[in-house]
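Just so you know, residue 1 is the first one in the sequence shown, and it goes up from there.
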Amino acid sequence: MADFNESVILDAIRRHADGLSRVELAQATGLSAQTVSNITRRLLDQGVARESGKQHTGSGKPRTLLEVVPSSRHAIGVHLDPAVITTVVVDLAGTVVAQRSRQTPSGGDTDRTTADMAASVSALLAESGIDDARVLGLGIAAPGPIDAASGWVVDPPELPGWGRYPLRDRLSEATGFPALLDKDVTAAVVAERWAGAATDSRNLLFFYLGTGSGMGLAVEDTVLRGVSGNAGEVGGLGASFSARTLVDEAIGLGVLGTEYTCLDPADAQRGLERLAALAAAGDAPADGTIERLAIRIGRGVCAAATLLDVDTVVFGGPVWQLLSDRLLATIEPMVERSPFVRPTHPTTVTSTTLGENVAAIGAASLVLDRTLSAQPRSLLLS
């Protein structure tokens with residue numbers, strides 16, 4: 001219970017940029033003044049919180065405001081994508097303090113790839129001068145399907161040779177940090193709630209567009225993961241996407257030449273960049289290729305937004321960064337015109353503010369969320 005109450009206090013402080021006084025914390029959390037005082041004293045002693053100024057409320061004694069110290073603790077995020085592996089270190093505010101990326105090795109040598117991930121983690125911490133003792137843990141974002149309970153990736157379609165692999169435990173052993181594993185789209189929605197475009201939304205849909213596609217979901221401030229941790233597949237909505245397939249389609253239509261043929265997931269980047277440039281220059285076949293993709297995604301998003309009654313739709317991912325202007329030009333009006341999405345409340349449609357590494361930031365945010373957010377399930381007795 002003490003750990004839960006501490007998380008409640010930290011969560012309340014971090015959600016208020018201007019800080020909260022002890023009196024306001026008691027009012028906001030429902031905890032007693034003595035409990036708030038004891039917890040805030042511990043947080044101050046640990047350096048996780050600090051006094052940030054005075055609040056004058058009238059003729060009485062000014063109240064002391066408290067705020068979280070972002071640099072007091074850090075979290076590591078690793079995003080395993082079929083095209084690129086990205087590693088980040090973030091502070092308690094979710095701000096990236098160090099990052100690096102490298103092309104995902106082909107051939108399916110899982111142990112070697114895991115060793116390379118661990119080496120990237122060590123190098124980033126060394127470069128940034130962060131003490132291991134101040135690292136809360138390591139989060140991993142991976143393409144589905146996953147076995148969330150055991151921490152395994154399970155035959156990811158674009159990662160041949162991986163099969164069933166205990167990535168969470170192997171990377172934890174290699175780095176010495178406790179680790180969490182989640183789907184990349186789930187990690188992305190956690191990032192948006194923690195530090196992105198949807199920090200004030202309790203009902204959120206995040207559409208991820210990278211090597212593949214998926215949807216992260218939050219309803220009433222709870223991230224939806226499903227029975228096995230694999231919620232968010234969008235094939236049934238007709239909105240599935242593959243970067244390789246889009247390039248192949250453009251080649252088949254004569255929009256791109258055969259020199260853009262994809263032999264590896266990483267190869268798609270070059271073709272997508274060319275497709276985006278052609279569309280921006282007014283090439284009608286290129287624009288039509290992207291338009292058809294936008295319509296498929298828009299229909300799927302409208303269906304999901306209607307089903308879940310969300311107020312915020314966020315798009316992100318490496319491919320989204322390339323095509324965002326053209327895709328939003330079609331998708332946003334589709335949401336606006338939907339007879340079901342906007343009849344009773346406005347729905348914000350926007351791009352992520354966290355950039356193309358949103359899934360890696362999300363992986364680190366999994367650790368922040370697990371450690372610092374109030375988790376009611378932690379009160380359950382085993």
Distance-only side-chain donor-acceptor flag, R168 / S172, under 3.5 Å: no
Rounded distance [0.5 Å steps], CZ in F241 versus CZ in R296: 8.5 Å
Test item: D91 side-chain N/O and T95 main-chain N/O as donor-acceptor pair under 3.5 Å: yes
Approximate separation, where rounding is to 0.5 Å, of I297 CD1 and L323 CG: 8.5 Å
Separation between CG of L124 and CD1 of I76, rounded to the nearest 0.5 Å: 8.0 Å
Verdict with supporting geometry, S150 and D147, side chain to side chain donor-acceptor pair (under 3.5 Å): CA-CA 6 Å; S150 63; D147 183 333; 3.1 Å; yes
Those residues that, when tested against W162, pass ring-ring contact (aromatic ring centres under 6.0 Å, His included) (two or more places apart): Y165
Qualifying salt bridge (Lys or Arg N to Asp or Glu O under 4.0 Å) pairs with a residue from residues 122-145, counting only residues at least two apart or across chains: R100-E127
Heavy atoms from other residues, nucleotides or ligands near CG of D155 exceed 12 (cutoff 6.0 Å): yes
Check: D267 side chain, D264 main-chain N or O, donor-acceptor pair, under 3.5 Å: yes
Check: D311/S201 side-chain N/O donor and acceptor closer than 3.5 Å: yes
Straight-line distance of I9 CD1 to L66 CG, nearest 0.5 Å: 9.0 Å
Co-membership, hydrophobic cluster, residues I361 and M117, 4.5 Å side-chain: no
R274, CZ atom: more than 12 neighbouring heavy atoms under 6.0 Å: no
Residue R112 excluded, over 12 heavy atoms near CZ under 6.0 Å: no
Under 3.5 Å donor-acceptor, S338 side chain and M334 backbone: no
F206 CZ to T312 OG1 distance, which is reported to the nearest 0.5 Å: 12.5 Å
Heavy-atom side-chain contact between R14 and E67 under 4.5 Å: no
Donor-acceptor side-chain pairing of S72 and Q46 below 3.5 angstrom: no
Side chain to side chain donor-acceptor pair (under 3.5 Å) evaluation trace for S101 with T86: CA-CA 4 Å; S101 298; T86 303; 3.2 Å; yes
Cationic N near anionic O, under 4.0 Å, R63 to E24: no
Cationic N near anionic O, under 4.0 Å, R170 to D111: yes
Modelled atom types, side-chain donor and acceptor of N38 and T35, under 3.5 Å: no
Side chains of T211 and D81, donor plus acceptor under 3.5 Å: yes
N203 side-chain N/O to E220 backbone N/O, donor-acceptor pair under 3.5 Å: yes
Check: I85 and P105 side chains under 4.5 Å, non-hydrogen atoms: yes
Mutual orientation of the aromatic rings belonging to Y208 and H79 [parallel < 30°, tilted 30-60°, perpendicular > 60°]: perpendicular
Non-hydrogen side-chain atoms of S351 and L328 separated by less than 4.5 Å: yes
Pair listing, side chain to side chain donor-acceptor pair (under 3.5 Å) test, anchored in residues 185-200, at least two apart: E192-T352, R193-D221
Backbone N/O of T258 and side chain of T261: donor-acceptor pair under 3.5 Å: yes
Donor on one side chain, acceptor on other, S120 and T87, under 3.5 Å: no
Gap between atom CG of L224 and atom CG of L308 - 0.5 Å precision: 6.5 Å
